[in-house]
Amino acid sequence: MAPIEGCGLALYSVEGARSELDLTALAETYSGLLFRVAYSVLRSRAEAEDVAQDVFVRILKRSPDLLTVRDLRVWLIRITWNLSIDRRRRIRPEQIDEDFAKSLVATNAPADEALGNAQRMMAVLRELEKLPRAERQVLLLSTVEELETLEVAKVLGRSESAVRALLFRARTRLRERLDRGEGK
Amino acid sequence: MINSSEEAIRKVLAGLRGCDVPLEMEQRVLKTLHDQASAEFRSGRWSRPLWLVNLGAPTISGRLFFGVVVTGVLSVALATPFLHRAHRVGDTASQFKKVASGQLGPQPLATPSLVASSATVPPTASQFRLSGKKRKRALGVARHGDSLALRELHAASRPAPPLPLTREEKMLLRLIHTVGPQELAMLNSEVRAKHEAEADAEFQQFFGQVTAKNNEQN
């Protein structure tokens with residue numbers, strides 16, 4: 001993707017260090033990934049884009065810290081995740097989840113069927129938020145296509161097998177809770 | 001109709017996974033970063049190099065910075081010819097010193113290299129006669145006086161002042177003007193020896209014949 005014309009921020013020197021950080025390349029490489037990570041938490045395109053922008057602004061402000069970062073990709077995902085959680089607390093997630101659930105329902109379906117499907121989706125999203133933190137994290141991060149199990153493990157600071165186990169438990173628990181809820 | 005919870009879960013997760021990145025999001029991100037960087041720089045909290053920050057959208061501080069840079073470049077470009085000329089005048093001054101120190105004899109001053117270098121600021125007789133501080137001052141005036149150099153360059157050539165002749169030169173002149181070429185040739189020892197030998201032989205030949213006749217008569 002071509003950089004913005006006239007945007008001179010492509011290269012800048014990290015203050016107090018000799019290395020240089022190509023912020024344009026960073027944005028080109030990671031903006032899509034960070035957007036998807038944020039979207040998995042927020043389920044709103046506008047909010048997710050704002051979070052991705054916030055991440056890069058933080059990189060700009062805290063550039064010296066980047067010199068100590070070993071795995072930049074993992075570091076960026078962690079920041080995005082935390083910012084997304086913070087933002088979700090500040091917005092009204094119910095309204096956003098409702099819109100997201102409606103967007104998943106087929107438009108050509110009858111109104112009553114579409115309404116029923118949307119409610120099922122909303123139930124899934126509600127139960128998903130009620131999952132234990134580690135299980136919810138694993139389940140949501142696994143929806144990001146670019147992330148493999150190993151990277152999810154790095155982001156969460158767990159082993160690969162632990163991540164697989166958490167993912168299995170999360171899906172099982174979610175299904176059980178949904179079935180239980182439907183049974184009631 | 002979604003019948004099972006598993007299907008609903010799969011559909012939700014697929015919805016999360018299938019989200020496309022908004023169009024031109026990268027440009028918006030970079031634009032935000034640029035605005036942020038400009039704001040940080042204007043507030044003076046950021047010591048990022050100016051030339052990197054100001055390459056982007058022009059700001060008032062950016063224009064000021066580039067104005068200063070352009071002015072500096074122009075002033076250097078204008079000053080370079082003057083500095084170069086001053087350097088060349090300095091070279092000429094050193095040539096003057098060489099000439100004045102020992103090479104100012106009867107031989108002609110106009111060796112090709114010296115003529116070429118003195119074409120910029122030709123040495124005047126008064127400059128040759130000056131010494132020490134006065135000569136430096138005179139050269140300094142010439143250094144700064146472009147018009148003076150041109151005037152000197154276009155001035156009519158003046159003959160060198162007459163110099164006193166040495167003793168040998170005076171003797172040579174006297175010989176040239178008083179005696180003929182035969183006497184001048186006598187100054188050469190080889191020619192003179194050859195001439196004396198011929199004279200001896202001629203004398204011996206003449207007087208040898210006379211003595212032989214006298215003996216015969218006796």
Side-chain angles (χ1 to χ4, degrees), chain A residues 1-4 6-13 15-16 23-24 27-28 31-32 35-36 39-40 43 45-46 48-49 52-57 59-61 63 100-101 103-105 109 113 116-117 120-121 123-125 127-128 139-140 142-145 171 174-179 181-182, chain B residues 1-70:
Chain A
M1 185 157 194
I4 293 177
C7 182
L9 202 67
L11 281 168
Y12 75 93
S13 295
E15 186 182 359
L23 208 54
T24 304
E28 286 173 2
S31 59
F35 170 81
R36 286 194 188 92
Y39 187 78
S40 69
R43 291 144 213 160
R45 293 166 72 90
E49 187 175 327
Q53 283 188 4
D54 280 356
V55 172
F56 287 107
V57 169
I59 293 171
L60 194 69
K61 286 181 176 175
S63 50
F100 174 69
S103 72
L104 295 176
V105 176
E113 189 182 327
N117 287 343
R120 270 182 173 272
M121 304 284 183
V124 171
L125 292 170
E127 290 302 325
L128 199 150
L139 191 60
L140 290 177
S142 69
T143 64
V144 181
E145 268 184 342
R171 289 193 74 140
L174 189 60
R175 190 171 54 243
E176 285 173 359
R177 285 184 179 177
L178 283 170
D179 289 341
E182 283 172 5
Chain B
M1 183 74 182
I2 298 171
N3 294 319
S4 67
S5 53
E6 182 62 35
E7 193 181 346
I9 292 168
R10 207 181 311 123
K11 198 142 190 167
V12 168
L13 295 180
L16 290 174
R17 188 177 291 116
C19 175
D20 294 327
V21 178
L23 284 173
E24 299 180 346
M25 189 189 82
E26 289 172 15
Q27 279 90 339
R28 286 195 292 275
V29 168
L30 289 173
K31 180 76 169 56
T32 305
L33 288 175
H34 184 266
D35 294 344
Q36 187 75 24
S38 301
E40 291 268 351
F41 179 72
R42 275 197 295 272
S43 65
R45 285 179 293 162
W46 200 22
S47 61
R48 180 175 300 178
L50 288 171
W51 63 275
L52 289 170
V53 172
N54 289 311
L55 288 175
T59 59
I60 293 172
S61 60
R63 285 175 187 159
L64 182 66
F65 171 74
F66 280 109
V68 170
V69 168
V70 168

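Remember, predicted model here, so these are calculated numbers, not experimental data. As a basis for the values below, the full set of heavy atoms in this structure was taken, side chains included, without hydrogen atoms, waters or symmetry mates.
- Counting heavy atoms from C-beta on, the side chains of A/L139 and B/L13 come closer than 4.5 Å.
- Expressed to the nearest 0.5 Å, how far CG of B/L16 lies from CD of A/E145 amounts to 11.5 Å.
- Separating the OG1 atom in B/T32 from the CG atom in A/D54 is a distance of 9.0 Å, to the nearest 0.5 Å.
- Listed by chain and number, the residues in a salt bridge (Lys or Arg N to Asp or Glu O under 4.0 Å) with A/R171 are B/E6 (sequence neighbours excluded).
- For the pair A/F35 and B/C19, the tightest heavy-atom approach, listed with the atom from each and the gap, is CE2-SG, 3.5 Å.
- You'll find the side chain of B/L30 stays beyond 4.5 Å of the side chain of A/F56, heavy atoms only.
- In plain terms, the two heavy atoms of A/Q53 and B/V29 that are nearest each other are CG-CG2, 3.6 Å.
- Across B/V21 and A/G32, no two heavy atoms sit closer than the pair CG2-CA, 3.7 Å.
- We find the CD-OG1 distance between B/Q27 and A/T24 to be 10.5 Å, quoted to the nearest 0.5 Å.
- In this structure, the side-chain hydrogen bond (donor to acceptor under 3.5 Å, both in side chains) partners of A/R36, at least two apart in sequence or on a different chain, are A/E146.
- Scanning both residues, B/A8 and A/M121, for their nearest heavy atoms gives O-SD, 4.2 Å.
- Looking at A/V144, there are no atoms closer than 4.5 Å to chain B (heavy atoms on both sides), in backbone or side chain.
- The line from OG of A/S142 to CZ of B/R17 is 6.0 Å long, rounded to the nearest 0.5 Å.
- Pairing each heavy atom of B/M25 with each of A/S31, the nearest pair is CE-O, 3.2 Å.
- Nearest heavy atom pair, residue A/L178 against residue B/S5, reads CB-CB, 3.6 Å.
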